[in-house]
Amino acid sequence: MGRYNIALVLGDGIGPELASSANMILEKINDNTTVKFNVKTAEAGDGALAKYGEALPQLSMEIIKGSQGCLKAPVGESAADVVLVLRRLFDLYANVRPAKSYPNVENLSDSVDLVLIRENTEDLYMGWEFQADDNTAISLRITSKRASERIAKYAFEEARLRDNKKRVVAVHKSNVLRMSDGLFAKTCRAVSQNYPNISYNESYVDACAMNLIRNPDEFDVILTSNLYGDILSDEAAQVVGGLGLAPCANIGESFGLFEPVHGAAFDIAGKNQANPSGMLLSIKMLLEWLSNKYSDNDAFRTGQHLESCLVEMFRNNQTTKDLGGKLTTNEFTKLLSLSMY
Ligand code: ATP
């Protein structure tokens with residue numbers, strides 16, 4: 001149906017290997033479905049900084065700006081100079097992190113299928129910190145009705161689209177942070193009134209952290225602010241077997257950035273050992289986002305198919321070294337590609 005311009009950021013460490021794996025799968029999709037891609041690669045990260053003096057060089061910026069969405073491999077030490085710049089540039093206000101149990105991947109329960117929606121622009125992450133005196137530091141936190149409302153709407157829309165429990169829990173600490181978290185909670189509650197078919201609950205962040213371990217199957221959509229989301233999303237990833245397989249999306253009104261959660265893994269870079277699953281599940285998220293944005297059902301089906309083929313590989317113990325298997329990054333990607341079409 002659509003032809004999509006996608007920027008593929010190569011990154012550092014295992015980044016280029018993962019980008020090449022992603023490119024192979026994008027080409028396979030391109031050749032076998034109605035979903036077509038124009039992929040342009042862009043350099044960013046430590047390598048780009050050393051080569052061009054900028055972690056996000058002008059040329060890469062132009063490529064990303066000229067694309068509809070960006071698939072980004074992990075970046076090393078200069079990660080903040082790449083991701084934070086892109087987040088601000090495109091106002092990527094929603095950070096979306098699914099956590100799902102997969103076969104033969106160690107987890108706390110076999111039936112976890114949740115997504116954490118984290119507000120990405122406010123809270124303590126504005127960097128407003130002051131030294132009051134030599135022994136005292138002050139950090140300021142911002143919570144606005146506007147940002148709370150748009151992230152709440154995003155979470156309810158996500159719950160509506162998910163073929164799941166249709167359950168949103170807003171996570172905060174309004175018993176202590178009465179004004180800031182109080183506003184967040186009040187706003188989420190108001191938005192929930194527009195979604196009568198989705199069950200809505202609230203939880204204090206400490207109780208949520210506990211229940212994620214005790215009862216992870218109960219969760220569907222977790223809606224929360226920036227700092228709590230940062231912490232809870234890593235916890236949720238660990239519940240289903242660690243960061244290795246976790247994809248993530250940063251979404252704005254007109255742009256989406258998709259990336260694996262893990263870092264550049266310099267210890268295994270260049271060894272053809274990296275597990276590309278987090279990167280490939282990011283393609284699934286990209287496809288679902290394109291599907292919603294451009295009403296492209298084929299893109300949605302293709303994303304689902306990609307995930308099922310990956311699951312099949314895990315089920316058959318066809319995995320890379322980190323999951324106990326013997327396959328190299330290339331072998332894993334080729335087998336997956338063959339199994340798809
Ligand atoms: P960052 O600070 O950028 O998150 P980090 O060094 O804390 O980086 P990672 O780069 O994610 O964390 O690596 C942590 C460990 O997980 C390393 O031992 C690395 O080899 C391993 N690892 C990370 N990603 C993968 C992957 N895709 N495949 C296999 N192993 C991985």
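For ligands, and for the atoms within them, numbers begin at 1 and follow the listed sequence. Reckoned from all heavy atoms, side chains included, excluding hydrogens, waters and symmetry mates.
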Could you tell me how the ring of [X] sits relative to the ring of [Y]: parallel (under 30°), tilted (30 to 60°) or perpendicular (over 60°)?
X: Phe90; Y: Phe255; answer: parallel
X: Tyr294; Y: Tyr4; answer: tilted
X: Tyr93; Y: Tyr154; answer: perpendicular

Exercise. Should the pair Glu331-Lys326 be classified as a salt bridge under the 4.0 Å nitrogen-to-oxygen rule?
Worked result: no
Exercise. With the threshold set at 4.0 Å, does a side-chain nitrogen-carboxylate oxygen contact exist between Lys284 and Glu288?
Worked result: yes
Exercise. Are Glu259 and Ser282 close enough that a side-chain donor and a side-chain acceptor fall under 3.5 Å?
Worked result: no
Exercise. Near ligand 1, which protein residues have a heavy atom under 4.0 Å away?
Worked result: Ile14, His262, Gly263, Ala264, Ala265, Asp267, Ile268, Ala274, Asn275, Asp322
